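Encoded as structure tokens, the structure appears first; notes follow it.
In this text, all values refer to a predicted model and were calculated from it rather than measured experimentally. Lettering of chains follows the sequences in order, A, B, ..., and the numbering in each one begins at 1. Note that these values count all heavy atoms, side chains included, but never hydrogens, waters or copies made by symmetry.
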Amino acid sequence: MAFTFAAFCYMLALLLTAALIFFAIWHIIAFDELKTDYKNPIDQCNTLNPLVLPEYLIHVFFCVMFLCATEWLTLGLNIPLLAYHIWRYMSRPVMSGPGLYDPTTIMNADILAYCQKEGWCKLAFYLLSFFYYLYGYVEFLKNNMYLYFNFISTNIQKFWVSKKPDSLYFSLVFIL
Amino acid sequence: MSTQGNANPNSSVNNYSMSSTQNGGGAAPCQNGPGQMYPAMYTASSYYSSAPPAAYPTVAGHSAPPTGKTPVSSTGYSGNYYQSSSGLSPYPAPGTHQYSNAPGQSFQQTAPYAMPAGYYGQVYSHPSQGQTQPQPQQLQPNLMPASSGSNLGAPLYPIVSYPSAPGSSQYGTLRSSQTTAGQPPVSTVMPPPPTQSSLQQYSQGIGATPTPAQPGYGAPPLSQAATVNGQSNAVQQHYDQNLHNPMSHHYAAGPPNSQGPDKERPPSGPPGTSVHSSPQHHPGGDSSSTTTDSASPVPNSYESLEGGGYSDLAAPPAGVPAKQAPPFGYNYPTMHPAYQQNPAPKPNPSPSHGGYNPPGYQPYSQPFPSLSELSSALGGLGGVSELEAETLRPVNLLQERNILPPKRAPPPEPNLSNDLRKVNCSPDTFRCTLTNIPQTQALLNKARLPLGLLLHPFRDLTQLPVITSNTIVRCRSCRTYINPFVSFLDQRRWKCNLCYRVNDVPDEFMYNPVTRSYGEPHKRPEVQNSTVEFIASSDYMLRPPQPAVYLFLLDVSHNAVESGYLNVFCQSLLDNLEKLPGDTRTHIGFVTFDSTVHFYNLQEGLSQPQMLVVSDIDGNHLVKDLLNALPGMFTHTRETQSALGPALQAAYKLMSPTGGRVTVFQTQLPTLGAGLLQSREDPNLRSSTKNVLHLGPATDFYKKLALDCSGQQIGVDLFLLSSQYSDLASLACVSKYSAGSVFYYPSFHHIHNTAQKQKFQKDLQRYLTRKIGFEAVMRIRCTKGLSIHTFHGNFFVRSTDLLSLANVNPDSGFAVQMSIEESLADTSLACFQAALLYTSSKGKRRIRVHTLCLPVVSQLSEVFAGADIQAISCLLANMAIDRSISSSLSDARDALVNAVVDCLTAYRANGSNIQPSGLIAPAALRLFPLYVLALLKQKALRTGTSTRLDERVFSMCELKSQPLQQIMRMVHPDLYRIDNMTEQAALHLNDSVIPQPPLLQLTAEKLTREGAFLLDCGSVMYLWVGKCCNETFIRDVLGFQNYASLPSNMTEIPELQTTYSERTRAFISWLLESRTFLPAFHVVKDDASTKTSFFQHLVEDRTESAFSYYEFLLHIQQQMSK
């Protein structure tokens, strides 16, 4: 029954990655707004900073899930980003609150460009990993489907053979 | 003329100077005659106030033109004028007659005339005359009036007081009208003009005027008439040159003849005015008029305002005409160039300097304007190209020992046309590291030089055109303020020089309140000056302008009381209470803190101040009582804690409804409450050559507070008077992000450290009385394709090009790094505009606009040729400091060295004809290694020498927030030998003689025991006295018998009545002239222990841990060969 947990991890990662994609898009939009003068950097940092930790935690969370599910390949693919996040947060400016972005330096062209690039790269990464998780999920489903149909069909056969309703009941429960 | 001209300067020069230059003569007349009204009407600030359209008629009434019209009509000449204005009618018969009679014929000969004539012809459209004698036609109008005037002697132009129009003489017509109009005396005088002799007189007169009148030029150009005069002048000038070149001699002689011409001139003014005034011009006519106008001096005058002394304005007739001539022919489209050219030439290159060779004259004249500002002599009169060649001359640094110029080198002149250069922003205000902007980022990368601006936007200016206008003309897409570098496509449209959008010229802008003429948008002061100030309307306010509110936050802990600063501060504030900038709404308040925070109730009606609240300055006596009492109140305090954080929070709450300035005096590490800090400095690491830690803030409390303050328009200035580590790196944030300033007095003590105390007193004096702008923002715009990379200075960056400055003070500078995002290949000029919007202490919302224009180049060699090494060094210093905080000090130092290496490598790679050996730099960059070495030896960036962390951080703050001049003095101080100053090459200013000793290299080699040397480091000055210093110097200047009796802690030079002393003091006060903060002064004896502080500034010498200059060069060479 490799199915249950690993597939569940992929399914969860799929959903969470979708969320991360939204984070990344939000990030990109926010920096674009900064660049085009629509927003005050203080406000913008105040909206961005609270999102940084949740994003990182979500990522950490499903990394841990994959670790538990012993999905080494998937975990390996995520480790670089994980390391980057840790490094990024370690080297953040002196701040009392959570977050990464300092309104006094954010408008520096280098930092702004860096943050924008970071946003795009993350978006790309999350998109790719989204499809990867989808693929992984489907793979598991496929594998499981096979077992699953086997299981169901054997139950149904039993039903016909034994005429005991509980076999049918099992298979129905399983289908549902 | 001469007399009038002279009169002018005295009278109203200041306000009017704008128009004055060429017109000068004309302007003067105005004052004399009816014109007097004008001065009264136009106070400097107010003259623009009247709405052009509405005001215009009234103005006309005052001014000559209207009157002129009426009289003209009466005489019958009026027809001409009006016609001219309308453009329709031919000149009346009389005019023609006169013309024929008049010297006009003689004029015909001159080629130059043809141009103007043609144009007049257009304007006036006299068919008949024009056909017969095209050239004469031009004259006709002029002549006609003159003749008419003479004949009629009509009182028509009573108003026409304009004596000014020297040029008018030529335009007989104009004058005549005036004369007729007006003033009886004038008319009487007038008659003679028609004849050639008269012409000669004119020319003479003109010539004469310039020299004597120089000041006069500065005088107000006020009325339309003035503009007319300008035209007329221009014409005249042509005449003079062309026709009367021989006459030029007369210039010198001028004065004697002058009267005749003068009188005549006045009349000319009015007629001209009438022409201009007429609202409906033929387009052609307008264009012609405009061009001439542009030629007219008017712009100069403004410049003079800005620049201060335009003393040399004498109109250079000769120079002008030649340049002007081309414009005449042009139509509007060409206006831009033509116009720009015109104004430039106008000036007065010639006058003061005497040598007037008509031919040679022009080239010489060009350098002049710039030079005039430099008090110095005529050294580099060469043409631009020569200069460029000079700046590119390869210099082998290893061989050329004496690369230091004898005087502080002036900033390089951008390679622009003369006119553009004349109107360009002063380098003291606005400087670019590369005066030739590279076309592409690739080219910039090749040069390996940083591109950036150094700004001193709120500098104290002696002359500043202030403009009150209902509509401030700005580009509709990029919001650029109209400036001298826009181009007028025609009279109704202008093209933005930053985004190239074509904009409409609003109606109001068509009227020029300075010249009182209509239809000359390019002559408005906004377009004639690259530094202007607008009085902003309510569109520029988010709330009613705030009052000036000052809050003083005083540390009264034991430590503070012990240092005795409170006494000094209270005394200073008492002395300057009345001089605090502000108006009746001004508020002042005090908060003291030790471990607790105390407030004071200064409400009116109290008999004595109660500790409690804040209130206004009307309770003046209460404030004084408090200031008198304060030092005594805490003398016995035993409180050693400091609750700076809570005090600042309280101040923030107090001030947030209004905004204003908080001044914090702090003497120790904050130890209590929010924002408390721990000592982070390890004294054992002070001289570490490894990394210096703790350059950044320990907490973001102060930064956040500063951002909150900035949001509420509160600026926080920090005075740190501490002998112990106080973590300035953290504390300074409160000023850094609220656009405040930081002052640091290490080991301040009122008794033990008198030099510090004096410095503190002087600084306070300046600090309390200097100008201040509240709730300010500054936006920097630049030509499309350029973009802003990073800002340096004290402020909060609110968007990519907008700085938010809660307070702005005249002593802070800013640096801006730029990058080139798109190729600038399709433009030849790059412009930068800094607009500072602020609320003055009087509650007025104002916008100060500076515009800088620089050429764009495509060759690497040109980029090198235009490098401004001082600006580059300052920008690099700023970048290095950012680097040392964000990365590490050693990184920053490496980056600085690499900057030199890369740049010289790039130069070597580029130059094909350079000998391979040696360390070659272009002359423009020959000081680069020296300055970088000096930077590396600054307290901020040095390693290996014991440097306290606070001093290091303070030095960084200074490098980031001081204006360029100050930074350069700090980085590379000036060393002079002053015990043997002679009067050779001395400056003579106002009957004082200021010796000019040459700059010496900063090496102990240059010191001799027999000498006395002055080292000027900007914020501190050392007078080093050698052991065997000549005794007369010690006696006459220092007031002691001999070297041995000199005390080791002298902090000033006594005022002795000896020439020796006077000369020395004159020199020192000349050095201090333009400085806002007076330096501390130390007399250093050769054997005193304090001499290390002197020797640390000798940056070319080797120290234990740092290269000497020569070693540094070798090091660079080695790096380059890698």
How about [X] and [Y]: do any of their side-chain heavy atoms sit closer than 4.5 Å?
X        : Y        : answer
B/Ile881 : B/Leu695 : no
B/Val692 : B/Leu949 : yes
B/Leu693 : B/Asp682 : no
B/Leu676 : B/Thr671 : no
B/His792 : B/Lys960 : yes
A/Glu71  : A/Phe140 : yes
B/Ile847 : B/Leu836 : no
B/Arg952 : B/Leu889 : yes

Verify whether one side chain among [X] and [Y] offers a donor that lies under 3.5 Å from an acceptor in the other.
X        : Y        : answer
A/Tyr10  : A/Thr74  : yes
B/Tyr702 : B/Asp700 : no
B/Ser819 : B/Ser787 : yes
B/Gln441 : B/Asn445 : yes

Interface residues of [range] facing chain B - heavy atom cut-off under 4.5 Å:
range                       : value
residues 82-95 of chain A   : A/Val94, A/Met95
residues 102-127 of chain A : A/Asp102, A/Pro103, A/Thr104, A/Met107, A/Asn108, A/Ala109, A/Asp110, A/Leu112
residues 17-36 of chain A   : A/Leu34, A/Lys35
residues 41-59 of chain A   : A/Pro41, A/Ile42

Measuring heavy-atom distances to chain A, does [X] have an atom under 4.5 Å in its side chain, in its backbone, in both, or in neither?
X        : answer
B/Lys704 : side chain
B/Ile788 : backbone
B/Ala706 : neither
B/Thr699 : backbone

Tell me, yes or no, whether the heavy-atom count around B/Leu542 atom CG, taken from other residues, nucleotides or ligands under 6.0 Å, exceeds 12. no

Are there over 12 heavy-atom neighbours, none belonging to B/Arg479, within less than 6.0 Å of that residue's CZ? yes

Can you label the angle between the A/Tyr135 ring and the A/Tyr132 ring as parallel, tilted or perpendicular, going by 30° and 60°? tilted

Donor-acceptor pair, distance only, cut-off 3.5 Å: does the side chain of B/Glu775 make one with the backbone of B/Asn807? no

Under 3.5 Å, is there a donor-acceptor pair between the side chain of B/Ser738 and the main chain of B/Val716? yes

Is B/Asp801 paired with B/Arg781 through a side-chain N to carboxylate O contact shorter than 4.0 Å? no

